[in-house]
Amino acid sequence: MNLDWLTQYVVTIVILIVTTVGLALLLHLQMGLAGIGNFGIVGFYGVGMYAFGIFLVHLPWPESWGMVAPVLASLLFGTVIAGIAGLLVGWLIVDLDADGILLGTLGFAAIVYGLSQTNRTWTGGAEGMGTTDFPYDIGTIKANTLLWLGITTVVVALILYYVIRVHRSPYGRLLIATGQNEALARSLGKPTFRTKMVMFATGSAAMGLLGGMYGVMLHYIRPVELGIGITLAAMVGLVLGGQARAWGAVVGVVLVGVLFELVFLIWIPFPTEWRRQSLPVIREMLYGATLILVLMTRPLGILGRMRRDRTVRRPAHD
Amino acid sequence: MTESAAVPVSRPSVRIQDAVKSFDGRVVVDVADLTLGKHPVEGLIGPNGAGKTTLMRMVTHSISLDRGRVTFSTGTGAPDVVLSSKAPHAIARRGVVKTNQVIQDFDQLTIWDSLLLAASKAHDERALKIFREPHVWSEYGDEIDEYLNLFPFDNPFGFAKSAGEKKLLDIIRCLLLRPKLLLLDEPTAGLPAGIRDRVMELIKKKATEENVSVVVVEHDLNVIWNLSDYVHFMAEGRVVLQGDPPWIREHATVVEKYLGEGHVGR
């Protein structure tokens, strides 16, 4: 099989798309089910990425541990720190109205972006910090990157499986009820604040894990990775696919990602001098335009509404 | 004013003491000392704006009190619980439950969904219990089926469509919480007559056979006279009359003359 078209660059873009699918799935739980429109995804992703990097670089790991254990421990650390950030931010915002949530989460992402540039000794400032190579070596750089793509895909597939199961569990029912009529849910004995906090914090932790894993792929993490682009891609993809549906995140992000990242940035032969400056900016404008267009023409997204009237049935056997 | 025979208080009841609530400086509820739930079914009547719904919402703490306190006694000898310092969900968990006067629903949840949600306990709904669905169906499915047989919906796997279906769903959800003290806020408004009678019959049965204390706010006074064992009459935020239904019925006209036309209704 000829894999020449699958350049190293394309593989990294595919990893980015798969990572974004994961983020959009988590956003689906927060926004599509529980009604918390998190515009600070990249903040939690960034906290995970930087916590991973700082932990890995600044801790004196014993030589005898080899490569894998420090990377895994650092990923775990990034996940936990992002989860704690989720608890703090969630505590501040989950009971606000939609505008408050939007501003609060957006503000958090801006703070993370700012922090990533400030402390040079810890983060390397604006130039960023070198972290690690892949914690394994199976031959060529491309083969190593492909293996990381496989690992990322497995993690995202697990997230997808969890989200699908949530739709079919009492927990999902509770999330939907909380998102749709919180006062009514409360009057039925549901602790809605705690429900939203648990969901927001675990979602943030998982976003942090994805950030850390993407940090492994990057080898070198920089503030520029924490721009609004990631949040936009996840948000636009999810809304396009259908924010109330688990598969909406997959369909939407893959569509948007392939179209804007691969076709637009790589496969259409634009003049080379455009690539550096204009195209990334135009791409972000296209994201915005897509969001507006979808919300105007098909606000429920490609897959439409939840349709629990078709799916919720008594299980075949108890 | 109270003349009912002393009923031994072994029923779940709430006591509202020195409770005041005002909106924009206007006092809506000002109750010195009131106990609800000494009888199986109690009616709470009074003109529009008397503060009946506000009083009920103060009990379930969906609005906060300016001052005063609400305590709940299960009637089983367990220590009293101060409801006015508890969160609404904790009050519902303790068995003090209120149906809604204005129609409330979850748009994306089907009728079965809604009922399973009400029946499910906290330990069914944890974030990691992603294989719990068969359990809640087998645990609560039969009980829900009983209600669905008694009150047939157009399509129980679909969404509640008419106002009547949503109102009925609201009441069944509350019953699935296994309330000890059930506050019904205009339960008959919007229900078809046949369904209404069946609901009232069921409520009466819960009150007499299962020791649920029921308090009904209702504008249709025939429902009150037929259903209640005791009636509280509210006007301008205060309870002005209490007594057996026939006694209230007689004296309510006095109140009406005293307070002016339209205070009691037909």
Side-chain angles (χ1 to χ4, degrees), chain A residues 29 32-35 158 161-203 205-206 243-245 300 304-318, chain B residues 57 60-62 87-100 103-114 116-141 144-145 155-159 170 173-174 176-179:
Chain A
L29 290 182
L33 300 191
L158 284 175
Y161 179 71
Y162 175 74
V163 171
I164 289 172
R165 292 303 320 177
V166 164
H167 273 264
R168 288 158 175 70
S169 71
Y171 176 61
R173 198 173 277 127
L174 173 65
L175 286 182
I176 296 166
T178 304
Q180 293 199 332
N181 193 338
E182 196 174 341
L184 181 57
R186 234 183 273 141
S187 79
L188 296 174
K190 309 301 176 190
T192 55
F193 179 75
R194 197 173 68 205
T195 303
K196 289 190 290 184
M197 283 295 288
V198 168
M199 188 276 305
F200 197 77
T202 49
Q243 58 166 309
R245 303 288 288 265
L300 293 171
R305 55 176 67 248
M306 238 175 258
R307 301 318 305 252
R308 292 183 71 87
D309 51 337
R310 289 189 193 157
T311 54
V312 176
R313 289 290 183 277
R314 188 188 294 267
H317 53 88
D318 298 331
Chain B
R57 293 186 62 193
T60 56
H61 208 186
S62 64
H89 73 265
I91 293 175
R93 286 265 186 237
R94 284 181 183 275
V96 179
V97 172
K98 176 183 166 299
T99 67
N100 292 291
I103 285 171
Q104 297 282 335
D105 198 16
F106 305 105
D107 290 341
Q108 300 287 320
L109 292 186
T110 65
I111 290 166
W112 261 102
D113 263 336
S114 220
L116 285 167
L117 175 82
S120 296
K121 307 281 185 288
H123 61 84
D124 298 317
E125 293 172 331
R126 301 205 199 290
L128 289 177
K129 298 222 167 161
I130 53 175
F131 301 105
R132 193 70 173 173
E133 188 72 351
H135 175 85
V136 297
W137 281 86
S138 64
E139 183 84 12
Y140 315 116
I144 293 172
D145 264 333
N155 171 17
F157 291 104
F159 304 102
D170 191 66
R173 271 196 304 251
C174 289
L176 283 167
L177 297 177
R178 311 220 171 137

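This structure is a prediction, so every number in the text was calculated from the model and none was measured. Per chain, numbering begins at 1; letters A, B, ... match sequence-line order.
In this structure, the portions of A:Leu188 lying under 4.5 Å from any heavy atom of chain B include both its backbone and its side chain. With a 4.5 Å cut-off on non-hydrogen atoms, B:Arg132 touches chain A through its backbone and its side chain both. With a 4.5 angstrom heavy-atom cutoff, B:Ala127 touches chain A via backbone and side-chain atoms both. Interface residue A:Val312: backbone and side-chain heavy atoms are both found under 4.5 Å from chain B. In this structure, the portions of A:Ala185 lying under 4.5 Å from any heavy atom of chain B include both its backbone and its side chain. Both the backbone and the side chain of A:Arg308 come within contact range of chain B, each with at least one heavy atom under 4.5 Å from a heavy atom of that chain.
For the options A:Arg307, A:Arg186, A:Arg310, A:His167, heavy-atom pairs under 4.5 Å to chain B are most numerous at A:Arg186. Most heavy-atom pairs under 4.5 Å with chain A, from the set B:Arg173, B:Lys129, B:His135: that is B:Arg173.
Listed here is the closest heavy atom pair of A:Leu33 and A:Ala244: CD2-O, 4.4 Å. When every heavy atom of A:Gly32 is checked against every heavy atom of A:Met306, the shortest pair comes out as O-CE, 4.1 Å. The two residues A:Pro315 and B:Pro134 have their closest heavy-atom pair at CG-CA, 3.7 Å. The shortest heavy-atom contact between A:Arg173 and B:Trp137 is NH2-NE1, 4.3 Å.
Not one N or O on the side chain of A:Arg194 forms a donor-acceptor pair closer than 3.5 Å with the backbone of A:Lys190.
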Sequence neighbours excluded and cut-off under 3.5 Å, please list the side-chain donor-acceptor pairs for residues 88-98 of chain B, or say none.
{"unit_1": "B:Arg93", "atom_1": "NE", "unit_2": "A:Gly189", "atom_2": "O", "d": "3.0"}
{"unit_1": "B:Arg93", "atom_1": "NH2", "unit_2": "A:Gly189", "atom_2": "O", "d": "3.1"}

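Residues of residues 105-113 of chain B that come closer than 4.5 Å to chain A, counting heavy atoms only, are B:Asp105, B:Phe106, B:Asp107, B:Gln108, B:Leu109, B:Thr110, B:Trp112, B:Asp113, ordered by residue number.
Remark: the B:Tyr140 side chain and the B:Asp124 side chain contain an N/O donor-acceptor pair separated by less than 3.5 Å. A side-chain donor-acceptor contact under 3.5 Å links A:Asn181 and B:Gln104.
Under the salt bridge (charged side-chain N to carboxylate O under 4.0 Å, His left out) criterion, A:Lys196 pairs with A:Asp95, A:Glu182, sequence neighbours left out. Here B:Arg178 pairs with B:Glu143 under the salt bridge (charged side-chain N to carboxylate O under 4.0 Å, His left out) rule; sequence neighbours left out.
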